[in-house]
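Down below is the structure, laid out as structure tokens.
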Amino acid sequence: MTAETETPRAAGSCCSSTGSCQDGAAEVRTGGVTAVYEVKGMTCGHCEGAVSEEISGIDGVTSVKAEAASGRVTVASAAPLAEDAVRAAVDEAGYELLGRA
């Protein structure tokens, strides 16, 4: 039998105890509208954070979960988002929105 322990992260650190820059706190919440987008160019946790931060700034967005490995970004919002707004946010983060997944 093995036990898993989690090392607390340093105060002010963006990285989790596993070394990831995301600790799962940005899980997508249910309710409202959920859309999945394909984003080109994300390669790491920092990329995920940059894309998530920009998309989170769009009015009505309630949560964002970006996954560099798949290139997918799941966005929950109170109402459907204009794809132009999502494209502008992804462009601002320095990546390319390929469209809905």
Side-chain angles (χ1 to χ4, degrees):
M1 178 183 252
T2 61
E4 291 185 24
T5 59
E6 192 168 308
T7 307
R9 59 182 165 165
S13 173
C14 72
C15 294
S16 70
S17 60
T18 61
S20 170
C21 288
Q22 299 287 326
D23 66 1
E27 293 285 326
V28 174
R29 298 177 194 109
T30 58
V33 178
T34 301
V36 180
Y37 299 92
E38 287 191 64
V39 175
K40 183 178 177 182
M42 294 188 300
T43 59
C44 67
H46 176 78
C47 300
E48 293 169 348
V51 169
S52 294
E53 182 177 345
E54 290 297 332
I55 293 175
S56 293
I58 299 171
D59 286 340
V61 170
T62 56
S63 66
V64 180
K65 182 175 182 184
E67 298 175 351
S70 66
R72 294 189 176 213
V73 180
T74 304
V75 182
S77 57
L81 300 175
E83 189 165 318
D84 289 346
V86 177
R87 185 173 308 282
V90 171
D91 287 347
E92 183 67 26
Y95 303 91
E96 180 183 354
L97 179 68
L98 298 178
R100 301 271 305 246

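Under the 4.0 Å criterion applied to side-chain N and carboxylate O atoms, E38 and K40 are not assigned as salt-bridge partners.
Counting all heavy atoms, side chain and backbone alike, C44 lies closest to A68 at N-CB, 3.6 Å. The two residues E54 and A89 make their nearest non-hydrogen contact at CB-O, 3.3 Å. The nearest pair of heavy atoms linking S56 to S52 is OG-O, 2.7 Å. Across every non-hydrogen atom of V51 and M42, the tightest pair is CG2-SD, 3.8 Å. Looking at every heavy atom in both residues, G41 comes nearest to C47 through O-SG, 4.3 Å.
Of the possible donor and acceptor atoms, none in the side chain of S77 sits under 3.5 Å from a partner among the backbone N and O of T62.
Side-chain contact check for R87 versus E96: every heavy-atom pair is 4.5 Å or farther apart. Considering only heavy atoms from C-beta on, V36 stays 4.5 Å or farther from V73 through its side chain. A 4.5 Å side-chain heavy-atom check between L97 and D91 finds every atom pair outside the cut-off. Looking at Y37 and R72, their side chains never come closer than 4.5 Å, going by heavy atoms from C-beta outward.
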Audit row: V75, L81, side chain to side chain contact (heavy atoms under 4.5 Å, CB included) steps and yes/no: CA-CA 9 Å; V75 182; L81 300 175; 3.7 Å; yes

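A 6.0 Å sphere centred on CD of E67 holds more than 12 heavy atoms belonging to other residues, nucleotides or ligands.
Summarising the geometry, atom CD1 belonging to I55 is positioned 12.0 Å from atom CD belonging to E92; distances are rounded to the nearest 0.5 Å.
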